[in-house]
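Single-structure report; data block below.
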Amino acid sequence: MAYTPTSLLSLPIITTGSESGLWGDVTNNGLTQYLDIAIAGRNALTSANFTAGALTLANTAGTNSTTNIAATSAQYSTLYVSSLATNSTITAPSSNRNYLVINADSTYTLTVKASGQTGITFSPGQSGLVAFNGTDYALVGTIGPTVPVARGGTNATATP
């Protein structure tokens, strides 16, 4: 492999003079497709994506392979979660990212956090925007009805 991933979105940096005949595939599959999902992509998640209520998102380095695009999980801009089987947690990469989080489940809460942190908990039916603040994911704002939101172990009411 003659390219290395960027540190934030794992986009390919192609080594000068390499990838002869593959530039189109690397650019289309490892760069254009990744930018597309990072800006406007929606990752639809259900209980089948979680193991015991937990899911860890990881950046997948962009490559010339079309099959690699399906493996990307952390690059999506929207996390749409439905049909949960229990209160669930998504551990997202500790990198300068923001996500539109939609907890479309009608029964269970959804927490989005960085590894080892507490994150933000969304009540059933609640949506909001979270951003990584250098330590954990913080709530930027909610969308939808007023519902309690757990913030760092305390409860506060977020309003739209």
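Atom set for the values below is all heavy atoms of this structure, side chains included, hydrogens, waters and symmetry mates excluded. One-based numbering along the sequence shown.
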| message | I want to check something: taking the side chain as every heavy atom from C-beta on, are Thr6 and Ile13 in contact at a cut-off of under 4.5 Å? | response | yes
| query | With a 4.5 Å limit on heavy-atom distance, are the side chains of Ile120 and Thr111 in contact? | reply |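 A side-chain contact under 4.5 Å is absent here.
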How many angstroms lie between atom [atom1] of [X] and atom [atom2] of [Y], to the nearest 0.5 angstrom?
X	Y	atom1	atom2	answer
Leu55	Asn49	CG	CG	6.5 Å
Leu110	Ile102	CG	CD1	11.0 Å
Thr78	Leu100	OG1	CG	4.5 Å
Asp136	Lys113	CG	NZ	7.5 Å
Asp25	Leu31	CG	CG	13.0 Å
Ser123	Asn103	OG	CG	8.0 Å

Heavy-atom closest contact ([X] atom, [Y] atom, distance):
X	Y	result
Ala38	Ser77	O-CB, 3.1 Å
Val140	Val130	CG2-C, 4.2 Å
Tyr34	Gln75	CE2-NE2, 3.5 Å

| Residue pair Tyr137, Tyr99: steps toward the side-chain contact (heavy atoms from CB on, under 4.5 Å) verdict | CA-CA 9 Å; Tyr137 283 86; Tyr99 295 99; 3.7 Å; yes
Could you list the donor-acceptor pairs under 3.5 angstrom formed between side-chain atoms of residues 79-96 and any protein atom two or more places apart in sequence or on another chain?
{"unit_1": "Asn87", "atom_1": "OD1", "unit_2": "Thr109", "atom_2": "N", "d": "2.9"}
{"unit_1": "Asn87", "atom_1": "OD1", "unit_2": "Thr109", "atom_2": "OG1", "d": "3.2"}
{"unit_1": "Ser88", "atom_1": "OG", "unit_2": "Thr86", "atom_2": "O", "d": "2.8"}

| note | Across all chains, not counting sequence neighbours, the side chain to side chain donor-acceptor pair (under 3.5 Å) partners of Thr107 are none
| Which residues pass the side-chain contact (heavy atoms from CB on, under 4.5 Å) test with Thr135, sequence neighbours left out? |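 Listed in chain order: Gln117, Asn133.
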| task | Would you sort out whether Phe122 and Leu139 count as a side-chain contact (heavy atoms from CB on, under 4.5 Å), showing the intermediate values? | result | CA-CA 10 Å; Phe122 293 90; Leu139 183 67; 4.2 Å; yes
